[in-house]
Amino acid sequence: MKKGVVVFASLALLLACSGPAFAQFSTKAVETRVIDSFDNAGEHEWTWNVVTSNGIAEGYPKIDYFDGQPNTLRVMNENPDEQHKVLGVKVSYKRKGENWFEVYPMKDGEAYEIPLVGQVTMLDFWMWGANYKYFIDVLIRDTAGRVYSMPAGSLFFNGWKNVIIDIPTSITQSTRMRSGPTCLKFVGFRVHTDPNEWVDDFSIFFDQLKFTTNIMKNIYDGYDLRDADFGESEGSAGSSEGK
């Protein structure tokens, strides 16, 4: 009899402990989203541009789309005959030194920062190096308006390389203000040369720019009311006077 009581009590305790676990609501929805695959020029609201430091040679920089794809991505194509593109940039400087260039999105003739929704944990892209002692950073803006230059490594290699950058938790990705910025923004790539490296003929290519995010992180019950339209201020004042 005592044994039966012990078994029943143990079962009741197990159900009591495990029951709430089945009722818990998950607020985590992790996704990997493509910012730009570079396969179809003009498919996005932005285009890509490049700006450089002083000392650039005449006729440079050059930016364009080219046929190509990293072999690692090629083997995963559902359609082997489908054509894929990459974004390429070529620069040439008149002298060695502290040279740099930035590759960034543009919209309506101005620099455009691409919103990265949710709580971003990682940036991911492919880059093609020409075995030069150059270095690349990724520029992102947090919700407090600060721009971070995040080191993405050296370009001292040949061919394609996949780069993954973890986003530190110290970077602010939300705001308590209803009218404030709601997410991180991708500002662009910045490449800078080693002062002693050759600078007369350098090319770089980009492919599959992506980010990993928890899209539910900043969503709450009633989120859709953040941007409720109360009409013009004159109308609001008139409503108050009529009361």
Side-chain angles (χ1 to χ4, degrees), residues 17-18 20-38 44-46 48 51 70 72-73 76 87 100-107 110-129 134-157 160-192 204 206-228:
C17 293
S18 60
F22 293 101
Q24 289 177 354
F25 175 72
S26 174
T27 57
K28 192 170 186 178
V30 177
E31 294 184 5
T32 296
R33 295 192 172 189
V34 177
I35 300 173
D36 204 332
S37 67
F38 307 108
H44 298 291
E45 57 182 323
W46 64 82
W48 291 91
V51 63
T72 303
L73 300 178
M76 295 186 291
L87 181 69
W100 58 265
F101 65 91
E102 292 182 2
V103 183
Y104 62 95
M106 283 190 66
K107 179 181 177 181
E110 298 181 352
Y112 174 69
E113 299 177 0
I114 302 173
L116 308 178
V117 299
Q119 185 80 10
V120 181
T121 57
M122 186 171 65
L123 288 171
D124 180 337
F125 63 95
W126 287 81
M127 63 180 180
W128 184 96
Y134 290 6
F135 304 91
I136 184 169
D137 300 331
V138 173
L139 307 177
I140 60 172
R141 187 185 300 277
D142 71 4
T143 53
R146 294 179 291 257
V147 174
Y148 290 82
S149 181
M150 306 188 64
S154 167
L155 290 161
F156 194 42
F157 62 89
W160 287 106
K161 180 179 180 180
N162 185 216
V163 179
I164 296 175
I165 302 175
D166 293 324
I167 304 299
T169 56
S170 58
I171 293 181
T172 306
Q173 298 197 45
S174 60
T175 177
R176 65 181 179 83
M177 302 298 292
R178 182 187 64 82
S179 58
T182 59
C183 61
L184 287 184
K185 292 183 178 180
F186 175 84
V187 178
F189 298 103
R190 182 184 177 95
V191 178
H192 50 100
I204 186 172
F206 298 97
D207 199 12
Q208 287 293 319
L209 175 59
K210 300 179 290 186
F211 69 102
T212 300
T213 180
N214 175 12
I215 61 171
M216 296 291 291
K217 179 66 176 181
N218 301 320
I219 304 299
Y220 50 84
D221 191 8
Y223 180 82
D224 54 319
L225 294 175
R226 281 175 54 95
D227 300 319

> Are N214 and T121 side-chain neighbours, meaning at least one heavy-atom pair lies under 4.5 Å?
Replying inline: no
> Do Q208 and N162 touch side chain to side chain, with heavy atoms closer than 4.5 Å?
Replying inline: no
>> With a 4.5 Å cut-off on side-chain heavy atoms, are Y112 and K185 touching?
In response: no
> Taking the six-membered ring where the residue is Trp, are the ring centres of F101 and Y104 under 6.0 Å apart?
Replying inline: no
>> Is any side-chain heavy atom of I165 closer than 4.5 Å to one of F125?
In response: yes
>> For a side-chain contact (heavy atoms from CB on, under 4.5 Å) check, start with the C-alpha distance between D124 and V163, then their side-chain angles and the critical distance, and finish with the verdict.
In response: CA-CA 6 Å; D124 180 337; V163 179; over 6 Å; no
>> Would you say the ring centers of F38 and W48 fall short of 6.0 Å from each other?
In response: yes
> How many angstroms lie between atom CG of L155 and atom NE2 of H192, to the nearest 0.5 angstrom?
Replying inline: 9.0 Å
>> Return the CD1 to CH2 distance between I114 and W46, rounded to the nearest 0.5 Å.
In response: 4.0 Å
> Quick one: does L123's side chain get under 4.5 Å of I140's, heavy atoms only?
Replying inline: yes
> Can you list the steps and then say if F211 with F186 is a ring pair (Phe, Tyr, Trp, His ring centres under 6.0 Å)?
Replying inline: CA-CA 10 Å; F211 69 102; F186 175 84; 9.8 Å; no
>> For the CD1 atom of I136 and the CD atom of E102, what is their distance to the nearest 0.5 Å?
In response: 11.0 Å
> Are F189 and I204 close enough, and set up right, to give a side-chain contact (heavy atoms from CB on, under 4.5 Å), and what steps lead you there?
Replying inline: CA-CA 11 Å; F189 298 103; I204 186 172; over 6 Å; no
> Which value, rounded to the nearest 0.5 Å, describes the distance between I35 atom CD1 and K210 atom NZ?
Replying inline: 10.5 Å
> What's the spacing between C183 SG and D142 CG if we round to 0.5 Å?
Replying inline: 11.0 Å
> Between I167 and M150, is any pair of side-chain heavy atoms under 4.5 Å apart?
Replying inline: yes
>> Using a 3.5 Å distance criterion without hydrogens, assess whether the side chain of T213 forms a donor-acceptor pair with backbone atoms of V117.
In response: yes
>> Please identify which of these residues, D207, T72, L73, meets the side chain to side chain contact (heavy atoms under 4.5 Å, CB included) condition with W160.
In response: D207
> When you measure from the side chain of E45 to the backbone N and O of K107, does any donor-acceptor pair fall under 3.5 Å?
Replying inline: no
> Between OH of Y148 and CG of L184, what distance do you get to the nearest 0.5 Å?
Replying inline: 9.5 Å
> Taking C-beta and beyond as the side chain, do Q173 and L116 meet within less than 4.5 Å on heavy atoms?
Replying inline: no
